[in-house]
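Values in this document were obtained by computation on a predicted structure and should not be read as measured data. Every chain is numbered from 1 and lettered A, B, ... according to where its sequence line falls, protein lines coming before strand lines.
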Number of protein chains: 8
Amino acid sequence: MKLDQVDIKILQVLETNSDISLSEIGKKVGIFSASAISRRIENMKKEGIIERYGVELNLEKLGINFVTITFVKARYGPGYIQKIADHLLKIKNVISVYFLLGDIDFVLITKSRSKEDYEAILNKLTEIVEIERTDSRTVLKVLKENDYSSLSELIVSNLKSH
Amino acid sequence: MKLDQVDIKILQVLETNSDISLSEIGKKVGIFSASAISRRIENMKKEGIIERYGVELNLEKLGINFVTITFVKARYGPGYIQKIADHLLKIKNVISVYFLLGDIDFVLITKSRSKEDYEAILNKLTEIVEIERTDSRTVLKVLKENDYSSLSELIVSNLKSH
Amino acid sequence: MKLDQVDIKILQVLETNSDISLSEIGKKVGIFSASAISRRIENMKKEGIIERYGVELNLEKLGINFVTITFVKARYGPGYIQKIADHLLKIKNVISVYFLLGDIDFVLITKSRSKEDYEAILNKLTEIVEIERTDSRTVLKVLKENDYSSLSELIVSNLKSH
Amino acid sequence: MKLDQVDIKILQVLETNSDISLSEIGKKVGIFSASAISRRIENMKKEGIIERYGVELNLEKLGINFVTITFVKARYGPGYIQKIADHLLKIKNVISVYFLLGDIDFVLITKSRSKEDYEAILNKLTEIVEIERTDSRTVLKVLKENDYSSLSELIVSNLKSH
Amino acid sequence: MKLDQVDIKILQVLETNSDISLSEIGKKVGIFSASAISRRIENMKKEGIIERYGVELNLEKLGINFVTITFVKARYGPGYIQKIADHLLKIKNVISVYFLLGDIDFVLITKSRSKEDYEAILNKLTEIVEIERTDSRTVLKVLKENDYSSLSELIVSNLKSH
Amino acid sequence: MKLDQVDIKILQVLETNSDISLSEIGKKVGIFSASAISRRIENMKKEGIIERYGVELNLEKLGINFVTITFVKARYGPGYIQKIADHLLKIKNVISVYFLLGDIDFVLITKSRSKEDYEAILNKLTEIVEIERTDSRTVLKVLKENDYSSLSELIVSNLKSH
Amino acid sequence: MKLDQVDIKILQVLETNSDISLSEIGKKVGIFSASAISRRIENMKKEGIIERYGVELNLEKLGINFVTITFVKARYGPGYIQKIADHLLKIKNVISVYFLLGDIDFVLITKSRSKEDYEAILNKLTEIVEIERTDSRTVLKVLKENDYSSLSELIVSNLKSH
Amino acid sequence: MKLDQVDIKILQVLETNSDISLSEIGKKVGIFSASAISRRIENMKKEGIIERYGVELNLEKLGINFVTITFVKARYGPGYIQKIADHLLKIKNVISVYFLLGDIDFVLITKSRSKEDYEAILNKLTEIVEIERTDSRTVLKVLKENDYSSLSELIVSNLKSH
């Protein structure tokens with residue numbers, strides 16, 4: 001499926017505010033048929049481009065303000081990547097897991113209420129036998145996180161340059 | 001503002017799917033007054049707990065599948081943190097920026113279409129005089145990213161334990 | 001228990017010199033009832049704020065002048081933190097033990113008479129199976145150590161800012 | 001000045017509890033002349049072995065529970081050690097400063113109320129031009145700190161072995 | 001241009017031995033028209049797939065047996081990559097130069113007659129102002145180098161899987 | 001066997017273009033007897049100086065443009081070098097393998113079509129029990145690779161200086 | 001035994017040239033009794049200050065010019081220091097072995113004829129089970145080695161300052 | 001000059017004890033002409049194989065027992081190697097200086113009386129502008145140092161294998 005300028009504009013609108021009626025979207029993107037907007041959105045859902053409508057929460061206001069980035073070195077062995085992934089996916093405070101090239105095998109982002117809570121999470125990590133070493137860094141400030149707004153510009157530039 | 005069990009349930013519903021009517025939310029959380037649901041949501045918005053309704057996009061389907069994690073060491077000087085932050089916030093492919101304790105000062109997550117694109121981004125980073133060194137790692141797989149679903153459980157456990 | 005300005009002043013006096021009569025403390029803090037001073041001190045003891053009256057010794061004059069800081073990496077396993085802690089707490093030359101986040105798990109401060117003595121301590125450390133690696137640094141000079149005097153100012157500023 | 005067994009016993013008593021009368025000390029060390037005890041203590045003060053009578057405070061109870069260990073690399077230059085030391089001695093949250101051999105020049109122990117407070121301290125450190133790099137680690141637990149009790153045994157063994 | 005099985009076979013023959021007549025190639029790949037072989041080779045040259053016919057020399061037999069791998073860290077600045085590249089391309093003993101992601105910016109492979117010769121090369125490297133640090137490793141054995149034979153299989157598997 | 005100026009010139013010609021007749025070589029090196037040229041080439045082959053006539057392929061044009069440099073740390077044990085070498089020699093995407101002094105035991109150069117393909121190669125590496133750790137770096141640009149042209153100058157200077 | 005100025009002068013003479021008669025030494029140190037010189041030398045031998053008369057060889061002239069410095073990390077276990085030491089003392093090319101504090105446990109200085117020879121030595125090192133990792137660096141130049149001449153000045157300054 | 005078995009035997013004798021008459025050497029090597037021994041020794045001196053007759057001192061007995069190994073990273077610039085070398089050669093406590101490949105540029109061995117003395121030496125090192133970083137390690141034990149006895153065997157094996 002090829003996106004056109006209108007699709008991109010719709011995505012930009014939805015990213016900023018998805019709690020909006022089809023006709024309002026139409027006004028913002030300059031197309032006055034709600035059913036045309038709806039069809040485009042349904043297409044993008046069907047293609048898997050729009051994965052989910054959600055809400056962004058302010059975790060700090062909910063008392064979850066001890067953020068860490070953890071570098072994990074794995075102990076090699078058959079299927080070690082999958083085994084570590086399986087364990088990590090179950091730890092609910094670990095909100096992001098990246099598997100990467102280099103001397104660090106996984107980078108985790110973890111959010112919890114306090115360093116005492118993080119100690120419990122660290123204990124879970126060190127009990128995973130496929131994990132050889134962890135190295136956790138305390139985040140002082142989250143300056144930007146999963147910022148989609150700039151990505152929509154990116155998609156545009158992407159479309160233009162092809 | 002103190003959240004109660006019903007507020008939490010509402011957040012859980014909205015995280016999974018925010019494109020849903022008030023009465024549908026009501027059914028899922030066991031409260032049959034749409035206006036009560038509406039009032040609770042408005043309160044959580046006013047308090048800044050719900051920051052935004054958005055959509056989650058599948059960037060890979062949009063051709064944006066070269067993901068890197070970049071470790072940045074700063075060159076110390078008056079206001080260096082703010083200066084670096086200002087520069088980074090303008091680079092649209094950099095979707096996350098963390099300022100942290102330790103021998104790495106910033107961790108960036110960057111998404112682009114290819115390593116050629118990333119080279120252009122890297123050039124922008126190395127032109128920032130407050131940046132002394134960068135160390136970029138290629139992400140082979142994003143196993144989990146900004147996973148809110150598990151965080152809602154977290155908020156519940158958080159509420160229970162206090 | 002909330003401390004007030006008088007409590008803080010008493011703590012400042014005691015930190016500098018705890019071998020002093022109640023009436024002398026009274027003069028310094030501007031309260032002329034020895035029993036009021038006594039009651040405040042007893043309260044702070046009961047609350048666990050004052051843990052102990054002690055003396056500060058000059059270890060160098062006692063021939064204990066080989067100081068090292070040792071970085072310890074643990075070998076992960078069930079209960080490894082507690083096991084290492086138990087061992088370390090028994091080694092009498094190890095006067096401080098910190099458990100911390102990052103690629104170093106424990107930092108120890110050790111004082112002994114000579115590098116020959118330290119070699120014996122190092123042998124004890126390397127016999128602890130939960131310790132994977134140690135990295136010991138020779139301290140050339142202790143510029144400041146457990147300096148409480150500045151902390152009392154800290155408590156004051158702490159009280160003021162809340 | 002040579003310490004004998006009685007002096008050592010007196011030091012052991014004072015370390016544990018220095019808020020005690022001369023006759024009580026006498027009972028514990030088996031010497032029933034308060035003036036003899038007094039003379040011995042005065043000698044140890046005069047020799048600089050006893051530097052100060054103080055109190056040990058529980059900082060956690062005072063809200064000061066964000067502890068970090070910071071590794072500092074200096075930028076070499078004439079008198080850099082003294083310059084850095086001068087700056088560090090003025091930062092009141094830095095309670096210990098060690099100058100050491102190896103690729104880390106200084107180790108600092110810092111205590112503050114929160115990571116937000118620590119960020120302000122870190123800013124002060126990075127403004128010192130003689131400091132090239134810092135690397136701060138969050139302490140999860142202080143297992144032992146400046147533990148004098150075991151050192152008094154040490155002095156005894158020290159005396160015995162000479 | 002799409003390669004077919006015959007093209008690949010021709011490449012395999014040429015890699016192993018390019019000093020061979022068209023009819024001999026034909027026999028090996030099962031096509032008995034020299035002009036067909038010639039046409040295919042000319043096409044692959046025109047498309048830039050075959051870049052050059054060359055010879056592989058045994059440098060050890062020519063006394064060039066001090067091989068090093070050098071890791072280079074750059075000093076960031078405008079156009080630093082190109083500047084370093086320009087310098088490196090002129091040093092004739094540096095036979096390979098890779099620019100890469102991570103905390104090492106360039107990897108060089110260098111061949112010379114002796115460590116004395118390498119010292120002269122190292123001097124040239126350290127005179128390049130855009131180079132901050134080098135780290136040279138002595139190669140004990142070259143186990144495999146630019147091994148094309150296995151790559152031709154690779155191209156085959158590549159074609160098959162698409 | 002001692003090379004003379006004519007031999008070197010012949011090598012220079014062949015490196016640049018080995019698909020050339022003996023008489024053409026003769027013209028370039030100033031010797032007009034094809035049989036003399038032939039005899040010199042045959043000698044250099046017999047001595048093992050010329051190992052092979054080949055072709056240089058442009059792998060990027062064949063879709064093989066994900067290049068990595070991998071640092072390998074071995075797990076010591078009897079014959080570990082040979083065991084690792086045996087495994088590496090079988091992995092067809094690994095086109096170069098160097099065994100070297102220092103804290104990195106092997107450096108590999110690998111070429112594949114994509115990071116997904118490289119993940120499969122990495123899996124093969126981590127299944128080799130004699131490999132303790134790998135550290136893979138993504139190559140952004142190959143600036144120069146196995147550049148023989150400058151080496152022929154090198155041989156000349158080498159001959160001159162002896 | 002206390003050395004005096006004359007003893008030191010004798011040591012200085014002997015370090016520079018020990019193949020000299022007692023009367024010649026006497027002239028240089030300003031004491032004209034050969035028996036007094038002899039008595040002083042015998043005393044310094046008896047006290048173990050002079051350990052041995054030897055010769056300094058130029059190893060390069062004997063073809064032994066591949067010098068390496070090897071950093072060794074031990075695998076901890078009962079008596080690991082002694083076990084490693086025992087092995088190292090038997091490897092004849094290892095001419096110096098230092099056991100030290102820090103993340104490197106042993107530093108070795110090794111001299112051999114070539115990197116091929118060093119590979120055999122490295123094999124011996126990696127067969128020692130108590131050795132976890134080695135890191136060998138090639139020495140480009142020995143600028144100074146075991147330089148006693150400056151040490152004799154040192155002894156003098158040492159004597160003066162006490 | 002080619003050494004033969006007798007020359008080697010003479011070197012072995014002299015290394016162990018050079019304070020010995022020609023006829024005694026003769027007996028040990030099985031040649032009974034003192035003049036033949038003398039001629040051989042003179043030849044080896046003339047060829048520069050024997051550089052010097054000296055004595056080996058026990059520095060510990062002279063109170064010089066604080067030994068360090070210092071890793072030096074240079075700041076690159078024209079002639080930096082020579083400049084650093086010139087400075088280091090003047091520091092009398094630095095008894096050995098090696099210039100080497102890798103991320104450490106120089107390794108120094110230093111001997112002094114105490115860590116206080118070493119601090120003064122470290123100050124001299126950090127005042128050398130061409131030195132960027134030092135990393136000093138305290139030697140706990142010198143297990144072997146400049147051990148020539150095993151090297152004489154080495155020369156023998158060297159001769160045999162050629």
Taking the side chain as C-beta and beyond, is there a heavy-atom pair between E/R137 and F/I104 under 4.5 Å?
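Answer yes - side chains close enough.
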Based on non-hydrogen pairs under 4.5 Å, which of E/L88, E/N17, E/L101, E/V13 is most in contact with chain F?
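Most pairs with chain F among the choices: E/L101.
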So which residue, E/G102, E/A85, E/G48, E/S112, ends up with the most heavy-atom pairs under 4.5 Å with chain F?
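Of the options given, most contacts go to E/G48.
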Write down the atom of [X], the atom of [Y], and the distance for their closest heavy-atom approach.
X	Y	answer
F/I95	E/K144	O-CG, 3.8 Å
E/K61	F/I49	CB-CG1, 4.2 Å
F/S18	E/G54	OG-O, 3.0 Å
F/L100	E/T138	CB-O, 3.2 Å

Under 4.5 Å from any heavy atom of chain F, what part of [X] do you find: side chain, backbone, both or neither?
X	answer
E/V107	side chain
E/D103	both
E/I69	side chain
E/L89	both

Counting only heavy atoms from other residues, nucleotides and ligands, does the tally under 6.0 Å from NZ of E/K45 exceed 12?
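Counting neighbours around NZ of E/K45, more than 12 heavy atoms of other residues, nucleotides or ligands fall under 6.0 Å, so yes.
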Return yes when atom NZ of E/K83 has more than 12 non-hydrogen atoms of other residues, nucleotides or ligands closer than 6.0 Å, and no otherwise.
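Result for NZ/E/K83: enclosed.
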Report the C-alpha distance between F/E15 and E/V55 in whole Å, list the side-chain angles of each, state the deciding distance to 0.1 Å, and finish with yes or no for side chain to side chain contact (heavy atoms under 4.5 Å, CB included).
CA-CA 5 Å; F/E15 271 166 13; E/V55 284; 4.1 Å; yes
As an exercise: rank F/T16, F/L108, F/I20 by heavy-atom pairs under 4.5 Å with chain E and give me the winner.
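The answer is F/T16.
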F/E47 vs E/N58, test: side chain to side chain contact (heavy atoms under 4.5 Å, CB included). Steps then yes/no.
CA-CA 10 Å; F/E47 294 289 331; E/N58 184 323; over 6 Å; no
Between [atom1] on residue [X] and [atom2] on residue [Y], distance to nearest 0.5 Å:
X	Y	atom1	atom2	value
F/L11	E/L62	CG	CG	7.0 Å
E/F106	F/L143	CZ	CG	6.0 Å
E/D147	F/I109	CG	CD1	12.0 Å

Could you tell me whether the side chain of E/S96 and the main chain of F/E145 form a donor-acceptor pair under 3.5 Å?
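Pair absent, no side-chain N/O of E/S96 close to backbone of F/E145.
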